[in-house]
Amino acid sequence: MKLSANRWAQWLVYGDHYSLQLENDGLLLESRHHRQYIPFSAWNGQLTISRGLLWGTISLTGFTEQGEAYPFDVFGLPWHRAKQAGKAIHARYQAYVSRYQKRLALIRPSLLADYETLVNAPGYVRVAQLRTAQQTLLNMLESEGIPAAFLSRLDEMTAATLMPVLQGDKSWLKTRNQQWQTAMLNQWQTWFDNVESSPLNPAQREAVLTDESHTLVVAGPGSGKTSVLVARAAYLIESGQAKPEQLLLLAFGRDAATELKTRIKTKTGHEVNVTTFHGYARQQLAEHQGQTPIISPLASDETAKAAWLTQTLVEQWQQPTTRKAWDKLHQQQVLPIDDHAELSACAHESRLHTWIWSRLSRVIQANTTKRTLTDTLADFDQQAALKQDLAVIWPLYQAYKQTLKTDKAVDFDGLITQATKLFQQRKFSTPLQFVMVDEYQDISPARLAMLEALCHGKTDAPRASLYAVGDDWQAIYRFAGADVSLTTDFAQRFGDSEICWLTTCYRYSAALGDAAQQFICQNPKQLDKQLNYARDKASSRKPQAIKVITDDKLEKTLASLAKKHVKTDNPVSVMLIGRTHARRPDELETWQKAYPLLSLRYTTAHASKGQEANYVFILGMDEGVFPAKQRLLSLDEALLGKNEEPIEHAEERRLFYVALTRTQKQVWLVHQKGQASAFVEELKGYF
């Protein structure tokens with residue numbers, strides 16, 4: 001059946017539709033310039049026939065695949081025929097709907113069963129599972145030729161039930177998972193109360209239960225991140241979701257790995273693989289390559305490193321081209337040796353070795369061509385000087401690589417690289433299902449590549465889930481290759497991800513915490529979180545948590561602190577923190593003997609990460625010391641790439657924040673008279 005306007009009407013409605021044709025499963029509309037087909041599956045079966053002075057108009061609404069309404073009007077139609085056409089179209093449409101309702105009836109039980117399987121899954125449902133269920137339902141509908149958008153016209157109740165899955169609705173999934181978590185919190189309440197020495201708080205419990213394909217737990221200082229890692233591993237085993245051999249916990253240091261391993265064994269009675277990145281790489285290479293990799297002494301023995309570098313320098317300085325490059329640097333006084341010393345006599349100089357290794361280590365980590373490194377340096381204004389540094393470092397890098405090859409050994413960076421390639425090849429099966437990472441904010445691109453090979457591969461093979469715990473506010477290892485953006489951009493990098501927040505601090509009071517938070521939050525390129533503090537909430541009297549003193553008052557303050565605790569049975573822990581080892585007080589042993597009630601120890605700001613004490617003194621808070629004075633750009637810094645953070649001293653601010661948050665009670669900022677650094681002056685405005 002086709003209904004068209006006469007020629008005069010077609011001329012008057014120029015540009016609009018003037019013809020409507022009923023086809024088997026839809027309507028064909030025509031205008032002077034184009035044809036528009038509206039399948040019954042994209043129409044709601046409603047049309048309006050209106051009568052004008054000369055002719056009638058049929059109006060209807062079609063829908064796009066996204067469900068957006070799209071109105072159509074057909075003008076200039078004979079009135080009496082338009083009414084007849086409307087009845088015929090309705091009859092054809094109803095027959096179409098009836099036919100597809102019968103098709104839907106055949107698959108409705110299966111559709112609803114798959115939906116119920118997802119909703120009632122015995123655990124946290126990941127986005128990937130939602131996506132799989134979505135595709136399964138769509139495939140079933142497609143097998144019967146039923147567009148998902150047409151489902152509501154066939155069966156409103158079934159459509160309403162299935163639509164969240166058919167649309168891949170993540171907000172619906174989040175609600176479903178929250179309901180599941182509520183049930184688990186009730187069921188496991190006693191367990192959560194007793195798994196650690198203190199009951200886990202609500203945020204910690206939620207973090208333990210969260211099981212997205214990629215989960216980041218952002219944990220502020222003293223918020224119990226280790227408790228969450230231990231409880232998470234224990235819960236997976238106790239709930240039957242994982243066997244011990246299906247878990248892997250990666251820490252950045254042996255001490256942290258040992259602590260985690262011991263605590264998990266104590267809680268569960270099971271041995272879980274808890275190791276460092278390098279340790280796991282070595283395990284896997286040994287297992288799948290038939291022999292344990294040999295670690296070069298150049299990676300593990302400082303004496304061997306010094307001997308190798310001394311010998312290599314002597315050899316290279318005998319080559320005219322290389323010697324000329326070194327002499328040029330020496331003449332420019334950029335080398336840390338005596339300006340008047342003969343270069344050949346300085347091959348054993350420890351300061352020179354330090355200068356070289358800082359740059360050579362970065363080239364080793366880059367593990368790329370000289371051309372690529374040169375291109376990186378081209379982004380900097382100081383590229384000429386940087387390329388001169390590279391000119392003397394590159395021959396040492398070549399010699400280093402040749403030594404490893406000759407010895408058939410690897411360094412620690414090589415371990416990570418080789419293991420990553422092994423995991424990427426996927427030539428072996430692994431029981432691994434859950435990978436958990438401590439101190440994720442310290443992740444480097446090389447370690448990230450290894451994690452991605454384990455958890456985020458590009459193939460369709462099943463991958464382990466990634467559960468990362470860290471705090472971007474405490475990212476302090478850029479000099480070692482760590483990249484804070486790998487934490488701040490976690491969700492964008494991994495896609496199917498969830499972020500949990502541990503924001504209750506148990507270490508120190510709100511008086512200190514509020515000031516520290518205002519200080520660290522000056523950097524806008526960080527994850528935004530608001531910490532709260534469990535201590536001192538019931539007390540209206542808040543002691544001054546942060547004090548500023550000059551260095552001549554340090555010993556007097558220690559004496560006062562010892563006197564304050566004269567009746568204390570156990571020694572009071574006092575941590576003295578400096579920007580570098582050079583700030584360690586010469587009088588430390590003398591003070592310890594003078595004040596035995598104080599357990600004194602010195603550490604650098606970097607080494608203080610993960611530690612705590614009753615009281616903390618941050619030494620050397622002088623201008624140019626902390627924050628460290630900005631030096632001329634060095635080769636190792638340049639090879640890290642440009643720092644895109646929009647605030648001065650971004651890394652130094654995080655380092656100071658780490659030092660500031662080690663205390664349980666009070667912290668003193670110690671500086672020379674008249675030399676207080678900008679950090680001290682800024683912090684004064686917050687307390």
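All figures in this text were calculated on a predicted structure; none of them were measured in a lab.
Ring centers of Y440 and Y467: at least 6.0 Å apart, outside the cut-off. For H34 and H17, the ring centers are positioned less than 6.0 Å apart.
Note that CG of L28 and OG of S19 are 7.0 Å apart. Values are rounded to the nearest 0.5 Å. In this structure, the separation between CG on D211 and CG on N177 is 9.0 Å, given to the nearest 0.5 Å.
Contact record, Q517 with L531: OE1-N, 3.2 Å, taken as the closest heavy-atom pair. Of all non-hydrogen atoms in D496 and E212, the two that sit nearest each other are O-CG, 3.7 Å. Here the closest heavy-atom approach between residue T430 and residue R426 is recorded as CG2-NH1, 4.4 Å. Contact detail for C505 and P221: the closest heavy-atom pair is SG-O, 3.3 Å. Shortest non-hydrogen contact noted between T210 and R232 is O-NH1, 3.4 Å. Listed here is the closest heavy atom pair of V125 and L130: CG1-N, 4.5 Å.
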> Under the ring-ring contact (aromatic ring centres under 6.0 Å, His included) criterion, do F63 and F150 qualify, and how do the steps go?
Replying inline: CA-CA 10 Å; F63 294 89; F150 190 53; over 10 Å; no

>> Test ring-ring contact (aromatic ring centres under 6.0 Å, His included) on Y18 and F75; report intermediate values, then the result.
In response: CA-CA 5 Å; Y18 57 73; F75 298 98; over 10 Å; no

> Between R99 and D25, is a salt bridge (Lys or Arg N to Asp or Glu O under 4.0 Å) present by the stated rule, with each step listed?
Replying inline: CA-CA 11 Å; R99 185 165 74 250; D25 292 329; 2.8 Å; yes

>> Run the salt bridge (Lys or Arg N to Asp or Glu O under 4.0 Å) test on E30 and K2 for me, step by step, so that the C-alpha distance in whole Å, both residues' side-chain angles and the decisive distance to 0.1 Å come before the verdict.
In response: CA-CA 11 Å; E30 291 184 275; K2 183 175 183 179; 3.1 Å; yes

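A salt bridge is defined here as a Lys NZ or Arg NE, NH1 or NH2 lying under 4.0 Å from an Asp or Glu carboxylate O, and R493 with E452 meets this definition. Using a 4.0 Å cut-off between charged side-chain N and carboxylate O, D472 and K529 make a salt bridge. Ion pair K225/E439 flagged as a salt bridge, since at least one NZ, NE, NH1 or NH2 atom sits closer than 4.0 Å to an Asp/Glu carboxylate oxygen. E648 has no carboxylate O lying under 4.0 Å from a charged side-chain N of R653, or vice versa, which leaves the two without a salt bridge. Salt bridge annotation for D155-R108: present, with a cationic side-chain nitrogen under 4.0 angstrom from a carboxylate oxygen. With respect to the salt-bridge test (charged N to carboxylate O, under 4.0 angstrom), the residues K642 and D379 do not qualify.
Q178 pairs by the side chain to side chain donor-acceptor pair (under 3.5 Å) definition with nothing, not counting sequence neighbours.
Ring-plane geometry between Y115 and W172 is classed as tilted, the angle between the planes lying from 30 to 60 degrees on a 0 to 90 degree scale. Between F72 and Y70, the ring planes lie tilted relative to each other; the angle falls in the 30° to 60° range.
The side-chain contact (heavy atoms from CB on, under 4.5 Å) with T420 is formed by just one residue from the set R447, Q425, M450; it is M450. Across I499, L466, V435, L451, a single residue satisfies side-chain contact (heavy atoms from CB on, under 4.5 Å) together with H214, and that is L466.
Cation-pi contact between R103 and Y100: present, with separation from the ring centre below 6.0 Å and deviation from the ring axis of at most 45°.
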